[in-house]
Each structure stands twice: as structure tokens, then as C-alpha cells.
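Quick notes on the structure that follows.
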Amino acid sequence: MRVRFAPSPTGALHIGGARTALYNWLLARGSGGRFLLRIEDTDRERSTPENVEQIFDALRWLELDWDEEPIFQSARGERHAEVVQALLDQGLAYRSTAGQDEIKAWHEQHGNRGFRGEDEGEGAVRLRVGDEGAAVVRDVIRGESTFENALQDDLVIARADGTPLYHLAVVVDDHDMGITHVVRGADHYSNTAKQLLILAAMGEEPPLYAHVPLLHGPDGKKLSKRHGAASVQELRERGYLPEAVRNYVALLGWGNEESQEFFTTEELEREFSLERVSKSPAVFDEQKLRHINGRYLRELELDDLTRRLEDLTGREGLRGAAEISQEKISTLADFWPLAGFFFDGPLDDKAAREKILGTPEALDRLTKAREALAAVDEPWTDEALETALQRVLEDTGAKPRQVYQPIRVALAGGTVSPGIFETLRLLGRDEALSRIDAVLNRMSTAADTA
RNA sequence: GCCCCCAUGGUCUAGCGGUUAUGACGCCGCCCUUUCAAGGCGGAGAUCGCGGGUUCGAGCCCCGCUGGGGGUACCA
């Protein structure tokens, strides 16, 4: 089995594209076949080295490795020209200057019958489509459908300047690469009939097709940039893990009988089958991705998590904070808002200060807590801290949150943080006490002036 | 306009002629609890898009309709 992923070089790897890439990759791995990559660049404008590199990069991030060097169409102009010339020579194609206006005029006269042009010896190259017969698309996912030739316009396969159009190019490239299974987005479904026509003219047999349904946004429309994270690059920036993205994306439009939701790559390779891919479009649900991501994130080894957090934030020395934040975050991006105060100082959350520290009672408890903490002899451990604060609770008769929240706001600046004992410990005695003192000062002068 | 496809709770999904219609996300409640999460338990939420058939029996089969999507370029 030989499969390929052939994105157009737009720079961003769309989530839908990532899914078809994954399906192709799983197919190849599961069958011991080959996964090939090809950039479909019949549109020269978009095919910049930067765009191409970005796609490769996204694929690498997902750990979808491919065989061989990718083939660039632009380097293969002769091959396409050769096929076009052969078709011309055999009278299966002709040159015509007819454009959209002529086609429109034709349909006004001939109704639905496909456009049939004259050989003018110049202009774009059109394939002759007979009025007899039909192209039957056989699709592993969606079954069989028939497209009447009579309704099909003679299709353009090369521009007047001789450069190939997409339909010609894919067909030739797939054939030359020996592709056996073409797995791609359903937006190519209707066009498959055209490609079948080209293949037939070339006298070649079609590969097996599988068109995977498109991904939609919450509004039911095709998923695009305006739906938020629509590309794997964006997902990466938002702190999602590649393995979680893979798991989620595999599940979008595919499920097994057990309704299993977490898969290792090995399980996916073994169990994935095109036959079970859903026929209907799925809606990308970032909340579910978050959930899956959280599960993967919590299972990460601490060193691994730390490395990934450091890569994303560009900071170092995150291990301690990572350790106490791991169970509270769902994405890597959740880390900094939760634990950034360790490194950048307390947040300036006025509302939190007023709500938690706005009363004399709260300041009093914080003062007592400060004293208890100052009395903690080394070692400054979670246990020692808990014991000390436990005593404050007993002495004041206050509820835990009435004592812990003021401390939290003093240390973090806001109302959320990792566990309070862990936070105190990680900050260290001096830093913790000085942050508490700073808040105490600030609040009392505020009270004096008020 | 024409061609093709699709249709199970808000979302993803199981189902393959006989089920109290599966599981998950999300939502709500309770438990746990030092905040927020995580975790545990429970709950609400689907006349299986609608209407006709076929059948003793239809989410599953057939027809029509509606809705949605895709295609219809000298775009990919």
C-alpha cells in the first residue's frame, strides 16, 4: 500500500488536513506500506519555501514522519507537459480559447449538457468528454456514485502557457508515485469524476479513493480561521500536546465499537480502518480537545512536562512550579497564568485584594499567619507549613479558606494558585514573608488614607 | 441553476430489523477540599430531521421532502 498526503502550500496546516494526513499515515503504518508526502503546487504564487517549510514543521510536530524526499510538482513540468501532449496527439484533448463567458453562453443554449468546444489550435487545453457513459466514483467511505459524462464540461487540464492544472497534476503524480489509496478531503469528491476521466484518457486504472468528511465550525460552516484555532500551528501555540491533538483528531469522524476514546499510536495503527470513518461532517470541539489534552498532560513525566513548558514559554527553571501545577492545568498555556507569579512577582489584581483582604479581620488573620510562618524553623517543608498554619486555624477558630485565601492573594496577587503549602514552600521563606509584608503594608496604608 | 453527498441529545460517537437507543465532551447537583482544577458519585438532555411505505416488528431497508455541506474557474 502506498498513500500520500498532498496539501496545497498555504503555510498553515489545517486541522482537517492534519486529520487526513494522520489517516494516511495510520494506513501506511498499519499495513507496512509507505506514507509519501507531496506538495501540490500548481499554484506557483503560494508555493514559497517558507509556506512549504511551515507545513513540514507542523507535520513533524505531530510526529507524522514520511518516506522519501517529497516531490515538488514545479520540478516536474516536463512530465505533465508530456502527458498533455500525448492527449493532444491522440485527439483526446484540444486547444480552445473559450472561457467562462463562452461556457455560460453554451449552457444558455444547451441547458445542462456539458460544454463542448472546437479545436482552435491555441488557448487552454481541454479534455474531450463524450456525451456517452459516466464516471463512477468508488469510494471506500461513501460507496459508489455516478456522474454522467453528458453533464460534464470539457475540462481544462492545462493553461494556455502549458502549465498543468490541479486535476491533471494530481492524477499524473499519483500515478507516477504508484499511489494505491487516495485519502483526501471530501471537497474533492465531485471532482474525482473529472480525475477519473483524465485517468481513462491516459489509459490508466484509478487508485482506491476515500474522501473523509470536512470539519465544520460550531456554526455548521466549513472550519476556517475565523473559528479560532483552525490550524495545527495555532493549536501548538495554545499549548496543546501533539499526542493529544492526534488522539482527538483521529476520533473526529471515526470511532470503534467500544466507543473507546483514548488510543496509543499502536492501538490506532492496529484498529484504524477507513471503513469506519463517518460519512458526515464533524464539528471541531475545542473543549473536548482540552479535556483529552488535560488527561495526556497529567500523565507526562515531570522532566518531560518541564521541557515542554520551557519550550513554550522561553523561560527556564520551571521544574518546581511545573510539579505543583501539573494537576491543575489542561494545556501548556494554562501554566503561566497559574504559576507566572513565582517568577514575575504577584499579579496586580485589585478586585481580588479588595475582596479577600478588604476587611480588618482578614488582615488580622494574615498578620497571625505571617507570625506563624515566620516562626517556622528550617526545614521549610510542606508538612512544617501545614502544621504551622493548622495552629493558626485552631487559635483563631477561622475556616481554612479565611486564612489561606489572604495568604494566597498576598503571594500570587490573585485568587488562584497551586496548593498553598506547595506555593509557600516553592517561593521560599524570605520571598514568601516579604510578599506578605508588602501586602500588609500596602493594605494598612490604604486603610489609613481611607 | 445544475451535479454529488450527508442527516442518532448542544457537540463527537456506538448501533448494523426486535435495546429501558451506547459512551464521551459540555451543563447541573452532591462528595472530596486550602483557591482553582483534578478525581468520585448522581442528574437533566434524543418522539434517532420530516412524511410515506416494506415488515409481525424499523435509528437500521425503499421512496419523497426538508435542512446542511461540497462541486460546478486557463483555483487548489
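So you know, we letter chains A, B, ... as the sequences are listed, proteins then strands, and number each from 1.
- Pairing partner, B:C2: B:G71, with both Watson-Crick or wobble hydrogen-bond distances short of 3.5 Å.
- Rounded to whole Å, atom C1' of B:C12 lies 18 Å from atom CZ of A:R290.
- Salt bridge absent: A:D154 and A:R128 never bring a charged side-chain N and a carboxylate O closer than 4.0 Å.
- The nearest whole Å value for the distance from the CD atom in A:Q195 to the P atom in B:G71 is 13 Å.
- Relative to the six-membered ring of A:F5, A:R38 misses at least one condition, a distance below 6.0 Å or an angle of at most 45° to the axis.
- In this structure, B:A7 and B:U66 make a Watson-Crick or G-U wobble pair, each of the two defining distances being under 3.5 angstrom.
- Checking B:C60 for Watson-Crick or G-U wobble geometry (two distances, each under 3.5 Å) identifies no partner in any strand.
- Ion pairing between a basic and an acidic side chain is recognised when a charged N comes within 4.0 Å of a carboxylate O; A:R308 and A:D304 show such pairing.
- Residue A:E257 is the one, among A:E257 and A:L165, whose nearest nucleotide of RNA chain B lies closer to the 5' end (criterion: closest heavy atom).
- The pair A:D348-A:R353 meets the salt-bridge criterion, since a charged nitrogen lies less than 4.0 angstrom from a carboxylate oxygen.
- Comment: A:E371 does not engage A:R365 in a salt bridge, judged by the lack of any side-chain N to carboxylate O separation of less than 4.0 angstrom.
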A correct 5'-to-3' footprint of nucleotides 61-67 of chain B, with B, S and - meaning base, sugar-phosphate only and no protein heavy atom under 4.0 Å, is -------
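- Across the interface with RNA chain B, nearest-nucleotide mapping of A:E386 and A:N256 shows A:N256 to be the residue nearer the 5′ end.
- For A:R95, there are no salt bridge (charged side-chain N to carboxylate O under 4.0 Å, His left out) partners two or more places apart in sequence or in a different chain.
- With hydrogens and angles disregarded, no donor-acceptor distance shorter than 3.5 Å links the side chain of A:D153 to the backbone of A:L155.
- Between A:D131 and A:R116 there is a salt bridge, with a side-chain nitrogen of the basic residue lying less than 4.0 Å from a carboxylate oxygen of the acidic one.
- Nucleotide B:U20 has no partner under the Watson-Crick or G-U criteria, as no pair reaches both atom distances under 3.5 Å.
- Within residues 272-287 of chain A, the residues approached by RNA chain B to less than 4.0 Å at the level of any non-hydrogen atom are A:R276, A:S278, A:K279, A:S280, A:P281, A:A282, A:V283, A:D285, A:Q287, in residue-number order.
- Under the 4.0 Å criterion applied to side-chain N and carboxylate O atoms, A:R246 and A:E243 are not assigned as salt-bridge partners.
- Across all strands shown, B:G39 forms a Watson-Crick or G-U wobble pair with B:C31, both key distances being under 3.5 Å.
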Contact pattern, 5' to 3', of nucleotides 37-42 of chain B - B, S or - by protein heavy atom under 4.0 Å:
BSS---
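- Contacts of residues 407-426 of chain A with RNA chain B (heavy atom under 4.0 Å): A:R408, A:T415, A:V416, A:S417, A:P418, A:G419, A:I420, A:F421.
- No more than 12 heavy-atom neighbours from other residues, nucleotides or ligands sit within 6.0 angstrom of CD on A:E301.
- Nearest to the side-chain atoms of A:A160 among the listed nucleotides B:C2, B:C74, B:A76 stands B:C74.
- Within residues 116-148 of chain A, the residues approaching RNA chain B are A:A124, A:R126, A:R142, A:S145, A:T146, A:F147, by heavy-atom distance under 4.0 Å.
- Between A:D334 and A:R290, at least one side-chain N (NZ, or NE/NH1/NH2) sits under 4.0 Å from a carboxylate O, which counts as a salt bridge.
- No salt bridge links A:E234 with A:R238; every basic N to acidic carboxylate O contact stays at or beyond 4.0 Å.
- A salt bridge does not link A:D395 to A:K368: none of the charged side-chain nitrogens sits closer than 4.0 Å to a carboxylate oxygen.
- The listed nucleotides are B:A76, B:C4, B:A73; the one nearest the side chain of A:D153 is B:A73.
- Regarding A:D187, its CG atom lies at a distance of 15 Å from the C1' atom of B:C6, rounded to whole Å.
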